[in-house]
Amino acid sequence: MKRRALWWAIGLLLILAGMATAADPKVGGTLVFGRGGDSAGLDPAFETDGNSFMICDNIFDQLVLYADESTELVPGLATSWDVAEDGLSYTFHLRKDVKFHDGTEMNADAVVFSIGRMMKEKNVKFAGEPPAFPEKQPPAEYWLSMEMDDTIESIEAVDSHTVVFKLKRREAPFLANMAMDFAAIVSPTAAVKYGEDFRSNPVGTGPFKFVKWVKDDRIILEANTEYWDGRPYLDQAIFRVIPDNSVRFLELKTGNISICQFPNPEDIELAKKDPNLKLVSQPGMNIGYVSFNHTKPLWQDKQIRKAIALAINKKAIVDNIYYGLGQVAKNTIPPTMWGYNDDIVDHPYDPEAAMALLKEADFAGKLEAAGQDKITLWSMPVPRPYNPNGMKVGEAIQADLKKVGIDVELVTFEWGTYLKKQRTQPPEMDLFQLGWTGDNGDPDNFLAVLLDGMADPNVRTQWKNEDYHNTILKAKQANSKDERIQLYRHAQQLIHDEVPLINVAHSLVVWPELKQVQNFKLHPTASVRLHKVWME
Amino acid sequence: MSKFILHRFLSLIPTLLGISILVFFMIHMIPGDPAEMMLGERASEQSLKELREDLGLDKPLYVQYGLFMARLFRGDLGRAYKTNEKITTEIAERFPATIELSIAAIIIATIFGMAAGIISATKQYSIFDYTSMVFSLIGVSMPIFWLGLVLMIIFSLNLGWLPLSGRLSYHINLETVTRIYLLDSILSQNWPAFKDALWHLIMPAFTLSTIPMAIIARITRSSMLEVLRQDYIRTAKAKGLGPVVVYLKHGLKNALIPVITVIGLQFGILMGGAILTETIFAWPGIGKWILDAVYARDFNAVQGGTMLVATTFVLINMLVDILYAWVNPRIKVS
């Protein structure tokens, strides 16, 4: 009898606990998001910075969207899509009864207009009366950098809710590109009406409508109660610019803002102790690396490259310079990305093995033959999302390499000059630091962009390896995802074996927020989506 | 008098022309390519080339300067690289915030600075004199950043009297016409907004006022001391005039000229945007905007912004000169 009562009590407690944690979302309220800088503009086709995209993410939708917490693709404004056998044509079936915030209908012509306006050669066909493309518009940077003009042949509205994209080449990452911000669907009526001013009067189909923008101060959005995926819980979302990290954190402590972007690392410790705050974190979709000047004979020997990898204490760098807001990288793509090869065992920190390898490969002799008595390490002068302090990381590597008998001279330039000079692979550059923040959640966007020097002279590392090049090319053209995964796993194995670069770290994004904020999730693409967030 | 004003006005032209040359070539001389800065890690040779052409950076420097001047005469400052927005619009959106903050700061600085200076001078070597001069020394040397944060922690975080940062609370709605919020709220008779804007203004204005306040206090004191040693002051005292008349009517009026100069100069400097104050108090003004433009090598924004600031500075100085002539009729066009 007693035992049964105990079971009842336990059962009741469990139910109560369940009720307490799974509270029903509450409709209403305002969320104030505190950030470090203002948006440049709000027309997703022409923006390049995270502060612009985080607003666009809430105003616009793409044909396909990223899932809530990963870069898997889910239906967006297209409910389904068919890919032709040859991989050269994609047919999107659009969601019906979706309206733009200005009341006009989202249809196939809107898709043709939104994407077509970025095309150099506007090979497009509308189903109805074609809207006039704006005559003057800024360059669509993202479109260009994702080489979309080399990918898309034509866009055609077959009927009011079907769009066909014809491709020039087989390109498996194409679908992932269509989930990126630049591929957002905008209201053609509004885009034509506002012209260049559309950047400050955005009209999309997203969960929030644009209300007001006070430059360098705030952007106000309000709920789109007719959103096709259900109205957002919040009534209003305000993005406030508070440039100083400490002040932004103070604003959070006083409850004036709900979420604080990019706090100082030391404030994260304070946030942990504050009973009114909690932390959200997400590994960033990025990589900070050190690479070699592959145009110099000195760095052709992979034993030497491996020795350098063994000599660098990556864990110490992450602990002391990333303040723990990062994780040691063993692969070039981050662990949250599909295709990540977790079987790889990273080169350990082993200075003695490094010295032995250097001796075996006669590094000293090769250095002398190159007419050098030391090597240079180029380091970024500015903090980047993947590396909080390039110079300090440089100093750490300098000290590590000194231990294995290599003298290193640190070199830096003003940021624009750094990028420009690095591209030319000058002989006075031996090692250089750089990194990458992913765009579309596709491994190709890391592995091709960073390392396939045979495909493109713009690849920063200019590493040329036939096997690697063929693997990446095959993966681009593969039909099934499983096949692509196998190919990318092989590519990562090659990087591990050949050491064309040393993967240092993926940064970790940690933001404090008020306890009242519910269901806010950081996304790997760094987008800030408030559709399913509510305030307790 | 009108001849004097006209003369001063004409002399603005070569000054501004000189500034335009200086600003243009200086920003172009700093290393850094705007196209590289904009495209970052993902730049390719092709996209860089296209962007440079689009921004007109592929033309020789003297041609770029010529185009800049030709546009300037039409009142067109071009577009900002990053936002593709007209520079005039960008400035119009931010300058009012700077004007509001600088006027508030200069008023605080003038009232307290002059008062401290006058009292210190009349009570030379008293406790008040020493204290106020020590404070003014602290005022000039205190880092603004630190002071701002300390004020925030005391008055916002601990006491909860004043808002931390920004210009207006998010729940306050204000129709903006001039974008000077105090003025806008008066025009629309929106008193809750007026109070809210005023409360937001206090801390940044006070923080910004410390340096000019200290300088004004020191100048007022030394200038007053000099005047008070003059014979006519002794005569006035001997005549049996009261201290208020002696110090304020005979003393202060004659001591004013260097004080006005300093106030004018300080005000001009404040109008150039207070980068640090604007940054910590999240005050969306022109200073932070120009700084960001310099970092991004946004040539159009830097040139436009600096030209505006320089013109304001020169105009304020001209006003000061005219004020001189009015305070001291002995000053004439030479």
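Order of the sequence lines fixes the chain letters, A, B, ..., with proteins taken first and strands second; residue numbering starts at 1 for each chain. Just so you know, these numbers use all the heavy atoms, side chains as well, and skip hydrogens, waters and symmetry mates.
B/Leu51 has its side chain within reach of A/Glu141: a pair of non-hydrogen atoms, C-beta onward, lies under 4.5 Å apart. B/Tyr170 has its side chain out of reach of A/Arg240: every pair of non-hydrogen atoms, C-beta onward, lies at least 4.5 Å apart. Side-chain contact between B/Gln46 and A/Glu147 is absent, with no heavy-atom pair separated by less than 4.5 Å.
With a threshold of 4.5 angstrom between heavy atoms, A/Arg384 approaches chain B through side-chain atoms but not through N, CA, C or O. In this structure, the portion of A/Val241 lying under 4.5 Å from any heavy atom of chain B is its backbone and not its side chain. With a 4.5 Å cut-off on non-hydrogen atoms, A/Glu196 touches chain B through its side chain but not through its backbone. A/Asn245 does not touch chain B: none of its heavy atoms, backbone or side chain, sits under 4.5 Å away. Looking at A/Ser200, only its side chain comes within 4.5 Å of chain B, counting heavy atoms on both sides. Residue A/Val382 does not touch chain B at all, counting heavy-atom pairs closer than 4.5 Å. Interface residue A/Trp436: only side-chain heavy atoms are found under 4.5 Å from chain B. For A/Leu419, the parts sitting under 4.5 Å from any heavy atom of chain B are the backbone and the side chain alike.
Nearest heavy atoms, B/Glu41 versus A/Gly435: CG-O, 3.5 Å.
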| query | Would A/Asp216 and B/Lys288 count as a side-chain contact (heavy atoms from CB on, under 4.5 Å) if you check the C-alpha gap in whole Å, the side-chain angles of each, and the deciding distance to 0.1 Å? | reply | CA-CA 9 Å; A/Asp216 281 347; B/Lys288 176 81 178 18; 5.6 Å; no
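Of the residues A/Lys421, A/Arg423, A/Lys420, the one that meets the side chain to side chain donor-acceptor pair (under 3.5 Å) test with B/Glu36 is A/Arg423.
Looking only at distances, a side-chain donor or acceptor of A/Glu251 sits under 3.5 Å from a matching main-chain atom of B/Ser165. With A/Arg199 contributing its side chain and B/Thr83 its backbone, the two residues share a donor-acceptor pair below 3.5 Å.
The choice from A/Pro139, A/Gly41, A/Ser246, A/Gly37 that makes the most heavy-atom pairs within less than 4.5 Å of chain B is A/Pro139.
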